[in-house]
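Step one of this worksheet: look at the structure below.
Heads up: numbering here begins at 1 and tracks the sequence. We count ligands from 1, going down the list as the structure has it; atoms in each ligand are counted the same way.
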Amino acid sequence: MDGTTREAMSQVQGIPLPERVVKYWARVEHFQASKEDLLIATYPKAGTTWTQEVVDAILNDGNVEKCRRAPTHVRMPFLEMTSADGLNAGITKLEVMDPPRVIKTHLPFQLVPCSFWEAGCKVIYMARNPKDTVVSYYHFDRMNLNQPEPGTWQQYLEKFMTGQLGWGSWYDHVKGYWRERQNKKILYTFFEDMKEDPVREVTHIAQFLGKQLSKSVIDQIVQMTDFSAMRENPMANYSTIPDTIFDRTASEFMRKGEVGDWKNHFSAEEDAAFEEQHCKLMADCMLSFISWF
Ligand code: A3P
């Protein structure tokens, strides 16, 4: 990544994406996935990095040294992301890696390159309740100097609710993968479930990946991917990203890792308006977010 200028959003098929992503979109659209590749898909701030670390630990049988071979974005490139000059792109990293590759994306279902579906790739989707997601995204946009100015919390919440933030509407995003989960090889997971019972969730992900792991290896993976362990791990906490891009005086990447921090941000009025809209926009979907309250 390069550049420290906050940039505007542009659009692909009506979805707001950073200008640099849109500029090099054709490369993303034509990306050739291989059938052994694994896609980790999330709306921003849903626990992407956590899922990536869990998956890498599973694939490496809980071997700490192997999982520390490189920073997250090198081990598991970010499909659509690129530097402003297009040279340091997720695609470029992927092109020199042999399948099976673990690939990160925030793209909504309809923008995922067709080759992933044609090849029959497995996908792990992680969803997080929208209130904690928008709080986490707000703090991330305060510290990530490549992202547009977040403005005030009130302005930011309005943008989230109207689908104006990068990667578009949270509502459409979570529903898009949910609707397709039985038609494709999609394992749909929740941040809150992972917090509630990481042993259960890591075991579930390992089974999805076809890995038979002993109880002690699962326990080791849970310990390695715990919030405090990841926060101290320079290969998992994005501390390799320079301060000129991540302004750590504004916020940390590994900020709190909790369920329910939204209560420290939403006013009663904001909460009521949010709930009302949520009920309307999610009325056509069985998805529920159990741990909001
Ligand atoms: P907070 O800002 O609420 O702390 P993403 O990786 O999708 O950008 O998501 C980042 C969010 O996931 C941040 O949330 C971060 O702290 C949290 N996170 C990262 N690793 C975690 C872990 N091991 N356990 C719990 N939360 C984690």
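If you check each of Met254, Arg128, Glu252 against atom 11 (C) of ligand 1, the one with the closest non-hydrogen atom is Arg128.
Put simply, part of Asp226 is less than 4.0 Å from ligand 1, judged by heavy atoms. Under a 4.0 Å heavy-atom criterion, Thr225 is in contact with ligand 1.
Only backbone heavy atoms of Ala46 (N, CA, C or O) come within less than 4.0 Å of ligand 1; its side chain stays farther off. Contact annotation: for Phe140 versus ligand 1, there are no heavy atoms closer than 4.0 Å.
Under the 4.0 Å criterion applied to side-chain N and carboxylate O atoms, Arg128 and Glu192 are not assigned as salt-bridge partners. Note on Asp141 versus Lys159: no salt bridge recorded, every NZ/NE/NH1/NH2 to OD/OE distance being 4.0 Å or above.
The distance criterion of under 3.5 Å between nitrogen or oxygen atoms is not met by Pro44 with respect to ligand 1. Considering backbone and side-chain N/O atoms, Thr49 comes within less than 3.5 Å of an N/O atom of ligand 1. Remark: ligand 1 and Tyr43 share no N or O pair separated by less than 3.5 Å (distance only, no angle test). Considering both main-chain and side-chain atoms, Met230 never comes within under 3.5 Å of ligand 1 through any nitrogen or oxygen pair. Among the atoms of Thr48, some N or O lies under 3.5 angstrom from an N or O of ligand 1. Geometrically, ligand 1 and Lys45 share a nitrogen or oxygen pair separated by less than 3.5 Å. Polar contact check, Trp50 against ligand 1: a nitrogen or oxygen pair lies under 3.5 Å apart. Polar contact with ligand 1: absent for Phe191 (N/O pair, distance under 3.5 Å).
The distance from ligand 1 to the heavy atoms of Gly257 drops below 4.0 Å at these ligand atoms: 1 (P), 4 (O), 16 (O), 25 (C), 26 (N).
With rounding to the nearest 0.5 angstrom, the CD atom of Glu180 is 10.0 Å from the CD atom of Gln110.
Figure legend: cation-pi geometry between Lys45 and Tyr137 absent, as NZ or CZ is not positioned both under 6.0 Å from the six-membered ring centre and within 45° of its axis.
With sequence neighbours excluded, the residues that form a side chain to side chain contact (heavy atoms under 4.5 Å, CB included) with Thr203 are Val199, Gln207, Ile218.
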